[in-house]
2 protein chains.
Amino acid sequence: MPEELSEAKANATCAIADVWEVLGRRWTLHILKNLSTRNVIRFNELKRALDGISSTVLAGRLLELEREGLVTKKIYPEVPPRVEYSMTPQARELEVIIKDLARWANKWRRPDGMKTAAIAPQKK
Amino acid sequence: MPEELSEAKANATCAIADVWEVLGRRWTLHILKNLSTRNVIRFNELKRALDGISSTVLAGRLLELEREGLVTKKIYPEVPPRVEYSMTPQARELEVIIKDLARWANKWRRPDGMKTAAIAPQKK
DNA sequence: CGGTATCCTAGCTGATACTG
DNA sequence: CAGTATCAGCTAGGATACCG
């Protein structure tokens with residue numbers, strides 16, 4: 001009777017809604033991707049990896065992800081300061097789904113248009 | 001040998017990027033949800049179902065979805081005009097993944113904050 | 001009915017500082 | 001190093017009006 005599967009009138013997307021809002025934002029997916037390849041990563045390290053993102057935005061994205069329970073930050077009271085970000089188990093599970101999505105995307109990749117330039121994050 | 005699974009440096013999200021841009025936009029998920037419950041649906045019918053969306057935006061979203069190959073429109077040269085929208089097989093496959101996502105979202109539904117209030121029990 | 005054409009605004013995004 | 005504060009630009013989204 002879990003209606004996650006059989007709902008017909010209520011909105012199944014409700015629960016997704018807020019996560020979706022975060023995931024849909026710029027850079028978020030790329031941040032997650034970078035996190036997924038390493039266990040932990042530091043702020044500027046991540047910033048360099050993304051190259052093009054500003055501190056402002058990166059900090060914002062990370063905060064959102066943290067609030068959604070997808071990322072945890074660990075602060076080391078040192079000087080110079082060190083902060084390590086990592087994915088939560090929740091995010092690890094999401095990772096799997098995103099890979100399904102990636103597989104799906106590759107499978108149906110537009111054979112004609114080819115508008116999906118290999119790298120291009122999605123600027124502008 | 002398909003590295004959709006094992007990639008470690010390239011961006012797996014690349015292929016997703018443009019679909020993501022569409023899926024991440026407002027209303028899109030809801031449109032898809034409505035389409036998924038019915039085989040075909042007409043413009044204003046959909047508009048009523050979403051209630052709150054403007055013609056401008058709905059038309060835009062539908063066009064985007066069509067371009068992504070997720071939706072097809074069928075125009076009947078009648079008067080008054082009738083246009084039916086439906087999901088493509090590609091979208092049907094995506095539907096499965098989105099349900100996985102919904103399941104994931106429900107599973108990890110914030111037990112504490114409860115900011116994701118299904119129907120918002122408390123205010124603000 | 002099923003859209004387009006216009007216009008307007010909130011807010012995301014980014015650049016540029018500046019701190020602990 | 002790891003951010004915040006501030007300001008500016010652009011654009012997605014919505015309201016409104018109109019047409020085939």
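Throughout, a chain's letter reflects where its sequence line sits, starting with A, and its residues are numbered from 1.
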| Phosphate OP1/OP2 of D:dA2 contacted by A:Arg42 side-chain N/O (<4.0 Å) | yes

| request: Mind checking the CG-CD1 spacing from A:Leu70 to A:Ile31? Nearest 0.5 Å is all I need. | output: 11.0 Å

| query | Is B:Arg38 salt-bridged to B:Glu45, cutoff N-O under 4.0 Å? | reply | yes

| query | Over its full length, what angle do the end axes of the helix from C:dC1-D:dG20 to C:dG20-D:dC1 make, each axis taken from five pairs and the result rounded to 10 degrees? | reply | 50°

| field | Closest to side chain of A:Ser54, choosing from C:dA15, C:dG2, D:dG13 | value | C:dA15

| query | When you check the side-chain N and O atoms of A:Trp104 and B:Gln90, is any donor under 3.5 Å from an acceptor? | reply | no

| field | Under-4.0 Å side-chain N/O to phosphate OP1/OP2 contact, A:Trp27 with C:dG14 | value | yes

| request: Look at B:Glu95 together with B:Arg92 and state whether they make a salt bridge at an N to O cut-off of under 4.0 Å. | output: yes

| field | Distance in Å, B:Asp100 CG paired with A:Ile97 CD1, rounded so as to fall on 0.5 Å steps | value | 5.5 Å

| B/S/- contact track for nucleotides 3-8 of chain D, protein heavy atom under 4.0 Å | BSBB--

| Pair B:Trp108-A:Glu93, side-chain donor/acceptor within less than 3.5 Å | yes

| query | Is any side-chain nitrogen or oxygen of B:Arg61 closer than 4.0 Å to OP1 or OP2 of D:dG13? | reply | yes

Nucleotide N/O of nucleotides 9-11 of chain C paired with protein N/O under 3.5 Å:
none

| said: With a 4.0 Å cut-off on N to O distance, would you call B:Arg25 and B:Glu64 a salt bridge? | reply: yes

| Roughly how far, to the nearest 0.5 Å, is CD of B:Glu68 from CD of B:Glu21? | 8.5 Å

| query | Taking the side chain of A:Arg48 as its heavy atoms from C-beta onward, which of C:dT13, D:dC1, C:dC1 lies nearest to it? | reply | D:dC1

| request: State whether the side chain of A:Thr72 and the backbone N or O of A:Thr88 hold a donor-acceptor pair below 3.5 Å, judged by distance alone. | output: no

